[in-house]
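Down below is the structure, laid out as structure tokens.
Computed from a predicted structure; not experimentally measured. Count residues from 1 along the sequence.
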Amino acid sequence: QDFVAGLENAGDAEPGQDLFTPLLRLSNHGSAMPLFCLHPAGGLGWCYMGLGRHMPDRSLYALQARGLRTGETMAQSMAEMAQNYIERIRTVQPSGPCRLLGWSFGGCLAHEMACQLEEAGEKVSLLAMLDAYPGDRLRGDEAVGEHDAIEALSHFAAPSGEAEKASDTATLLARLKEPGGMFSALDERGMDALLAVTANNIRLMRSHRPGRFSGALHFFAAAGTRAAYALSPDDWRQHVTGKIVSTEIDCDHESMCQAESLAIVAAALASELNDHLRPE
């Protein structure tokens, strides 16, 4: 079954939506304040589709990058993107504490949004990251081309470990277009847009200087990633002054949004989210 068709029929996303819309409604359940999910480097929030079945009392939204649709201008900084996403959030939640969840690039973006909201005197009642680390660790390597974008996306299009078996651009690009895969429904224009957005987001993350958030952080660490790269939730300590709670998941970075991992994430966040079941 085609991946996009599968998304449209998954029972989580609201029917009839443009799957490239800037604010994708993943589920519409209950009266609890919504959870907003921030996309990884590719700019698409499809990876969070399975989360709704583990959170039956909560509406979920995925924010998606500008530039995926014709005529859209890509963000020029993480700060600009965060400000734009906060404005989008307020179209469906005009007031009240925000709950933010981000994977990889999305975690860095969620942190920037939390900093901006706090600076504006607003409350962030949940900041959660799925294996995301400060992009300034890669400072000095801002030159990002098409191959970098294709390589980054190939990790999410292939089963765990397979992406490392090829390194040439042609092979990796062919993998992205394999029938039934995550990106197989994209036409040539759509694929070009996806690659441009991915490269831009990688550049933005590498050049971004994270601010400081005084609230708490719930960090979900991929055990495989930590073992391979000696990464730690404490890498955020200089950027988060509140408590850092860490939950380790037995998977690699690319598997953080697979069904088994999302079930663990939902269960671990349940108590934090249930403290705020009623709109504040």
Side-chain angles (χ1 to χ4, degrees), residues 20-24 34-45 48 61-69 71-144 148-149 152 193-194 196-219 233 235-242 244:
F20 298 92
T21 185
L23 187 61
L24 181 65
L35 175 65
F36 295 95
C37 304
L38 287 306
H39 60 76
L44 292 166
Y48 298 108
Y61 293 86
L63 291 116
Q64 304 194 116
R66 295 198 319 250
L68 293 169
R69 302 189 298 183
E72 294 179 335
T73 303
M74 293 185 292
Q76 298 302 301
S77 69
M78 290 279 278
E80 176 194 334
M81 184 180 290
Q83 182 179 19
N84 176 252
Y85 287 10
I86 291 171
E87 292 171 357
R88 291 185 200 173
I89 284 175
R90 289 314 187 193
T91 65
V92 294
Q93 185 192 318
S95 62
C98 288
R99 294 159 178 76
L100 307 172
L101 170 70
W103 175 29
S104 195
F105 171 91
C108 299
L109 181 57
H111 176 267
E112 172 61 22
M113 292 172 67
C115 291
Q116 289 192 19
L117 285 162
E118 187 173 66
E119 187 175 350
E122 300 189 57
K123 184 178 178 182
V124 177
S125 58
L126 176 70
L127 173 61
M129 297 183 189
L130 309 184
D131 212 47
Y133 298 90
D136 58 350
R137 287 185 48 157
L138 302 172
R139 189 170 308 286
D141 190 19
E142 284 86 18
V144 181
D148 301 279
L194 179 67
V197 165
T198 303
N200 185 62
N201 286 342
I202 295 172
R203 283 192 294 269
L204 296 187
M205 187 174 72
R206 291 182 179 180
S207 61
H208 178 60
R209 297 181 182 275
R212 184 169 294 177
F213 175 59
S214 68
L217 166 64
H218 197 136
F219 191 95
D235 291 338
W236 283 104
R237 177 46 62 197
Q238 62 180 314
H239 306 298
V240 175
T241 59
I244 297 179

After noting the C-alpha distance and the side-chain angles of Phe213 and Leu127, does the key distance pass the side-chain contact (heavy atoms from CB on, under 4.5 Å) rule?
-> CA-CA 10 Å; Phe213 175 59; Leu127 173 61; 3.6 Å; yes
Are the ring centres of His39 and Trp103 closer than 6.0 Å?
-> no
Does the ring center of Phe219 lie less than 6.0 Å from the ring center of Tyr133?
->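 Under 6.0 Å, so yes.
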Quick check: do [X] and [Y] have side-chain heavy atoms less than 4.5 Å from each other?
X: Thr21; Y: Leu24; result: yes
X: Trp236; Y: Pro134; result: yes
X: Ile89; Y: Cys98; result: yes
X: Leu126; Y: Leu100; result: no
X: Leu204; Y: Met74; result: no
X: Leu101; Y: Met129; result: no
X: Phe36; Y: Gln93; result: yes
X: Phe20; Y: Glu72; result: no

Checking the side chain of [X] only, and the main-chain atoms of [Y] only, is there a donor and an acceptor separated by less than 3.5 Å?
X: Arg99; Y: Pro97; result: yes
X: Asn201; Y: Gly42; result: no
X: Ser77; Y: Glu80; result: yes
X: Arg88; Y: Leu63; result: no
X: Gln64; Y: Gly45; result: yes
X: Arg237; Y: Val240; result: yes

If every non-hydrogen atom of Gly67 is compared with every non-hydrogen atom of Val197, which pair is closest and at what distance?
->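 In terms of heavy atoms, the two residues are closest at C-CG2, 3.7 Å.
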Between the side chains of Ser214 and Glu118, is a donor N or O closer than 3.5 angstrom to an acceptor N or O?
-> yes
Can you tell me how far apart [atom1] ([X]) and [atom2] ([Y]) are? Round to the nearest 0.5 Å.
X: Cys108; Y: His239; atom1: SG; atom2: NE2; answer: 9.0 Å
X: Ser125; Y: Leu35; atom1: OG; atom2: CG; answer: 9.5 Å
X: His208; Y: Leu109; atom1: NE2; atom2: CG; answer: 8.5 Å
X: Leu117; Y: Lys123; atom1: CG; atom2: NZ; answer: 13.0 Å
X: His111; Y: Gln116; atom1: NE2; atom2: CD; answer: 11.5 Å
X: Leu38; Y: Glu112; atom1: CG; atom2: CD; answer: 11.0 Å

Assess whether atom CZ of Arg212 is packed by more than 12 heavy atoms of other residues, nucleotides or ligands within 6.0 Å.
-> no
